[in-house]
Amino acid sequence: MAYTLEILIIIFGIVYGYLKPGKEDRSTLLKKGVVIGIILGAIMVVLGLIGGRWILLLGTLAGAVVFIEVIILAVLFIIGTYIGDMLERK
């Protein structure tokens, strides 16, 4: 139950890789994932700055966690595209 989002991301990656003809540019997918992670992490830090001194620590920690989670989800999506491409070839 705790890994529902991760499983859904892999399934979306498989569907994306299977339905989109040809090979996907995985480096571009990873770069987009990093950019999204940086943006969401920065938003969390800014919200921490707005909230005050104690909230800043929580905002910074939340920003780091969000960044790492988005990178993990991007990698899982890319793994799903590999599986989808393999299914497409067969």
Side-chain angles (χ1 to χ4, degrees):
M1 192 81 163
Y3 300 109
T4 306
L5 178 63
E6 287 82 0
I7 292 170
L8 284 174
I9 293 294
I10 291 174
I11 291 171
F12 287 143
I14 292 170
V15 170
Y16 180 81
Y18 183 75
L19 293 179
K20 190 170 179 194
K23 288 193 171 202
E24 280 62 62
D25 186 8
R26 291 178 182 87
S27 64
T28 302
L29 290 173
L30 185 60
K31 287 176 188 174
K32 286 181 183 179
V34 169
V35 168
I36 291 170
I38 290 171
I39 291 170
L40 290 176
I43 289 171
M44 295 302 289
V45 171
V46 168
L47 289 176
L49 284 171
I50 292 171
R53 195 170 69 184
W54 293 104
I55 301 296
L56 175 62
L57 176 63
L58 293 176
T60 303
L61 291 175
V65 169
V66 167
F67 174 74
I68 292 169
E69 182 65 24
V70 169
I71 299 302
I72 290 170
L73 293 177
V75 169
L76 290 175
F77 185 80
I78 291 169
I79 290 170
T81 62
Y82 274 116
I83 296 169
D85 279 342
M86 286 190 308
L87 291 174
E88 180 185 1
R89 278 183 264 158
K90 292 184 179 197

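Residues: numbered from 1 along the sequence shown. None of these values were measured; they are calculated from a predicted model.
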hydrophobic_cluster_shared for V15 and Y18, side chain cutoff 4.5 Å: yes
Distance, nearest 0.5 Å, that separates CG of L76 from CG of L8: 11.5 Å
Residue pairs involving residues 42-51 (criterion salt bridge (Lys or Arg N to Asp or Glu O under 4.0 Å); sequence neighbours excluded): none
Decide yes or no for I10 and E6: does some side-chain heavy atom of the first lie under 4.5 Å from some side-chain heavy atom of the second? no
For residues V75 and V65: do they belong to one hydrophobic cluster (side chain heavy atoms under 4.5 Å, members Ile, Leu, Val, Met, Phe, Trp, Tyr)? no
Hey, mind stepping through I38 and F67 against side-chain contact (heavy atoms from CB on, under 4.5 Å) and telling me if it holds? CA-CA 6 Å; I38 290 171; F67 174 74; 3.6 Å; yes
Quick one: CD1 on I78 to CG on L30, what's the gap to the nearest 0.5 Å? 4.5 Å
Exercise: identify the closest heavy-atom pair between A74 and G33: CB-CA, 4.0 Å
Sequence neighbours excluded, every pair satisfying salt bridge (Lys or Arg N to Asp or Glu O under 4.0 Å) that has a member inside residues 58-86: R26-D85
How far does OG1 of T4 sit from CD1 of I7, to the nearest 0.5 angstrom? 6.0 Å
Point-to-point distance, once rounded to the nearest 0.5 Å, from CD1 of I9 to OH of Y16: 13.5 Å
What heavy-atom pair brings L29 and T81 nearest, and what distance separates the two atoms? CD1-CG2, 4.2 Å
